[in-house]
Amino acid sequence: MSFWQLLQLHKIEIPIIQRDYAQGREDKSEIRQRFLNSIFSALSLNKPLELDFIYGSVIDDFMQPLDGQQRLTTLFLLHWYVAYKEDKLAGKAILENFTYETRTTSREFCIELIQKGINFKNLLETDFDKNGVPKNNQLSKTIIDSPWFFLSWKKDPTIKAMLVMLDAINQKATDKKFENIKDLWPKFTEDHTITFNYIELKDFGLSDDLYIKMNARGKPLTDFENFKASFENKIKIEFWEKEITNPTEKFAHKIDTIWTDLFWTVKDGDNLTDSPSIKIISSILMSCLSLSEKDKDSKERRIREILNQPNVIKPEDFDFNSFCYLKEALDAYSSIKDKIQLDFNLWSYLNNEINFFDTIAKGDKIEYQKIVLFYAQTQYLLNNEEIDNTNFSDWIRVVRNIVVNSTIDSAETFTGAIRLINELSIGSKDIYRYLSENSIKSEFAKDQVKEEIIKSRIIGFDDTYKGIIFKTEDTNFCRGRITFAFDCIEFDKNSIGSFSSDKLSKIEKVLQYHLSDDNDISNDFRRGLFTIDDNHFYNYWDTSWLYAVGAPKRCMIGSINDLKSFAYKSNFKKYLIGLLQKLTEKGLDEIIEGYEIPNDMPNWKKRLIKEKGLLDYSKKHYIAIKEDECCWLIPESKVANNKEGAKKCKSIK
């Protein structure tokens, strides 16, 4: 029934134990606007809107709502607004059937509001602050200025909230939506466009104990609960499920049943399933936004906002396509989530979880890279009827390699990554076969994609090569990118037959033994680099000047990441390749001890190579070289530009 029908059936009395009217609180503007926008859309488009259940007990012809107070109060204010705006004051007597028992002031305000009302043709002017923002809306300002309004009423939370809601109905922030619709009164009183399901709790009684039990947690609705309610409302208004006849297949049923069971598997200690639910839905939404044809700037801005604060998602963020994708994804995870397990090295992307659903749901915050991997996992589930563990692992491995070797640190790069994975997911059932037989249109991470194509052709040539390729990918130094390792074995990418698994296996063992540290390489390894070719490897680092000694400053590989970059510098990778190739045959000590010093080698280089421990003085691995006559080991990354700074540098001649 409609609010108008309920008023004619019973008087409505908000009982004294109910909380104050909260929908009009100043900090609930988003919820308020969503609710008003839904009502406005229904009225302007003549679409029926159902506001869920309202139920309570009838005592002495007074219906005391157990649930629905907020909606009923907002509907009362809307009916009052329309009655006075459209001069339908004959309905005042029926509106008087709505009252508050929570406070005497609230009850008296409602009576005076109906009896005395307001003249919409004679409203006071709205006050604005210096930024042009409305400070006192003309409607609430006029009501407060009325002779019948007691200033003490401003202290009543319910009255204060009612004034805020009336302003929201009338204010410019809503483009005076309700003011622009003509003949609203019949829509409320005859057409009954806005309705709810009313249940009278007969023979049940409405005791204080019941209220206390129902409100025992004493907490406001969570962000997820608010989103869920608003989203279900949007689904109804947009008729997104009009073709579904089985109620158990609808969003509202699943979100409270099988999907709750799904989120329960990743619940946290404090918020139970709310936080995981928000993170998963937000991540799915971000992927959908990336694939949408919406304006680039606006969608990227929204993606950034959701990444930083997942609970800002709104029903308005979804269109029909993203809604359908969300349902399909949650259905898929509900069916087979426990069958998804990844057991190869995913470094910090997976931590202690077994799949990316758990990673997203349990993480402290969602991250671009993890969402891309989660999207890839989801796409596999949706594109393949059954999970083949080998094919699934191959697919995620390829995506992992792309993610870890790409820059995904903005909404723009995130969008590029999602679009690439969406393109590749067509072949997720057998990704190596797909890569070897198809051209890839996306330009995102094109170098890594080219490498994945080369790997796919090697594996297609001989499936037994897959093992050593995977082992090399999983080394801490390579982390999915093995083009450098291919260079070490002198593999001709245009001739798959030139690939040698034995040679790659030797390089993999060297990488594991010498370059497995997360942060740095050993100083003995640096000494080894001095033995390769013309030993000028340190020139890779852009020159700066050390004024303390008056010489150009160089770096002897600052960290493991520095070495990874070094490995792909065309003019300098020969030093690392040369050393690794030697290490497949000899140990590092043997290489250094057996190195024959060239006649023209400066003595400082000879000393750095032959004197073990000498490089330990340079903690940050910086040196200054003066025309190859001598060098200074710099204790830290820099020193003061004076004599004291010069004294700290260790001279090697």
Side-chain angles (χ1 to χ4, degrees), residues 30-31 33-35 37-42 45 47-52 222-263 273-274 276-295 298-303 305-307 310-335 337 357 360-361 366 371 374-383 414-415 418-419 421-422 425:
E30 188 172 316
I31 297 172
Q33 290 303 332
R34 284 184 191 172
F35 189 53
N37 288 341
S38 297
I39 293 175
F40 169 77
S41 297
L45 299 174
K47 284 185 177 181
L49 174 63
E50 186 182 293
L51 301 178
D52 217 334
T222 65
D223 291 326
F224 178 66
E225 289 168 331
N226 283 319
F227 166 77
K228 182 174 68 170
S230 301
F231 198 27
E232 289 173 3
N233 189 43
K234 179 178 175 67
I235 294 166
K236 288 181 182 179
I237 293 173
E238 300 290 341
F239 298 104
W240 283 349
E241 295 182 315
K242 63 181 179 181
E243 304 297 330
I244 300 177
T245 57
N246 184 352
T248 63
E249 292 301 315
K250 292 192 174 184
F251 180 92
H253 178 81
K254 289 186 173 183
I255 196 68
D256 286 332
T257 54
I258 62 172
W259 295 343
T260 295
D261 292 341
L262 169 66
F263 293 130
T273 63
D274 288 350
S277 303
I278 282 284
K279 289 172 186 172
I280 292 294
I281 294 174
S282 297
S283 298
I284 292 173
L285 172 61
M286 288 172 64
S287 300
C288 291
L289 286 173
S290 295
L291 296 171
S292 72
E293 298 305 319
K294 294 180 179 179
D295 173 70
S298 61
K299 76 178 180 182
E300 288 180 1
R301 180 170 59 252
R302 190 60 180 149
I303 287 170
E305 292 170 349
I306 295 171
L307 178 79
N311 58 6
V312 302
I313 59 171
K314 302 176 183 178
E316 292 78 15
D317 291 320
F318 288 83
D319 58 17
F320 181 67
N321 290 332
S322 54
F323 165 69
C324 292
Y325 186 85
L326 174 65
K327 286 188 68 175
E328 291 171 3
L330 294 180
D331 278 343
Y333 280 109
S334 294
S335 300
K337 174 181 173 289
F357 184 96
I360 296 294
I366 56 178
I371 299 172
F374 171 55
Y375 174 70
Q377 177 177 277
T378 306
Q379 283 295 92
Y380 183 90
L381 300 184
L382 296 180
N383 289 340
F414 170 74
T415 296
I418 291 292
R419 287 178 175 266
I421 302 310
N422 183 59
S425 65

Practice prompt. Determine, step by step, whether Lys236 and Leu49 satisfy the side chain to side chain contact (heavy atoms under 4.5 Å, CB included) criterion, reporting the C-alpha distance in whole Å, the side-chain angles of both residues, the deciding distance to 0.1 Å, and the verdict.
Written response: CA-CA 8 Å; Lys236 288 181 182 179; Leu49 174 63; 5.8 Å; no
Discussion item. Run Thr273 and Trp259 through side chain to side chain contact (heavy atoms under 4.5 Å, CB included) and show every step you take.
Written reply: CA-CA 10 Å; Thr273 63; Trp259 295 343; over 6 Å; no
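The aromatic rings of Tyr333 and Phe374 lie parallel to each other, with less than 30° between the two planes, well short of the 60° mark. Classified by interplanar angle (parallel below 30°, tilted 30° to 60°, perpendicular above 60°), the ring pair Phe323/Phe251 is tilted. Note: Phe318 and Phe231 have tilted aromatic rings, judged against thresholds of 30 and 60 degrees for the angle between ring planes.
Within the 4.5 Å cutoff, no side-chain heavy atoms of Thr378 are placed close to those of Ile284. When side chains are defined from C-beta on, Asp223 does not count as touching Asp274, because their heavy atoms never get closer than 4.5 Å. Put simply, the side chain of Ile255 reaches to within 4.5 Å of the side chain of Glu232, judged on heavy atoms.
Shown here for Pro315 and Arg34, the closest heavy-atom pair between the two residues is CD-CZ, 3.7 Å. Ile313 and Arg302 get closest at one heavy-atom pair: CA-NH2, 3.8 Å. Nearest heavy-atom pair, Gln377 versus Phe357, reported as atom, atom and distance to 0.1 Å: NE2-N, 3.3 Å. Nearest approach of Leu330 to Ile280, heavy atoms of both residues: CD2-CG2, 4.1 Å. In terms of heavy-atom proximity, Leu285 sits nearest to Ile306 at CD2-CD1, 3.7 Å. Across all their heavy atoms, Ile371 and Ser287 have their closest contact at CG2-OG, 3.9 Å.
To the nearest 0.5 Å, atom OG of residue Ser292 and atom CG of residue Asp317 are 10.5 Å apart. The line from CG of Leu381 to CD of Glu328 is 12.0 Å long, rounded to the nearest 0.5 Å. Atoms CZ and CG, on Arg419 and Asn422 in that order, are 8.5 Å from each other to the nearest 0.5 Å. From His253, atom NE2 reaches atom CG of Asn246 across 8.0 Å, with rounding to the nearest 0.5 Å. From Ile237, atom CD1 reaches atom CD1 of Ile39 across 9.0 Å, with rounding to the nearest 0.5 Å. If you take CG on Leu326 and OG on Ser283, they are separated by 11.0 Å, rounding to the nearest 0.5 Å.
Put simply, the side chain of Asn383 gets close to the backbone of Ser425: a donor and an acceptor are under 3.5 Å apart. Judged by distance alone, with hydrogens and angles left aside, the side-chain atoms of Ser282 form no donor-acceptor pair with the main-chain N or O of Lys279 at under 3.5 Å.
Identified under the salt bridge (Lys or Arg N to Asp or Glu O under 4.0 Å) test for residues 245-259, with sequence neighbours left out: Lys228-Asp256, Glu249-Lys254, Lys254-Asp331.
Residues meeting the side chain to side chain donor-acceptor pair (under 3.5 Å) test with Glu50, sequence neighbours left out: Asn197. By the side chain to side chain donor-acceptor pair (under 3.5 Å) test, Ser38 is found to be paired with Asn233, residues two or more places apart in sequence or in another chain being considered. In this view, Ser277 satisfies the side chain to side chain donor-acceptor pair (under 3.5 Å) rule with no residue, not counting sequence neighbours. Evaluation of the side chain to side chain donor-acceptor pair (under 3.5 Å) rule for Asp319 yields Ser322 as partners, not counting sequence neighbours. Glu238 pairs by the salt bridge (Lys or Arg N to Asp or Glu O under 4.0 Å) definition with Lys234, not counting sequence neighbours.
Outside the 6.0 Å centre-distance limit, the rings of Phe414 and Tyr375 are not counted as a close aromatic pair.
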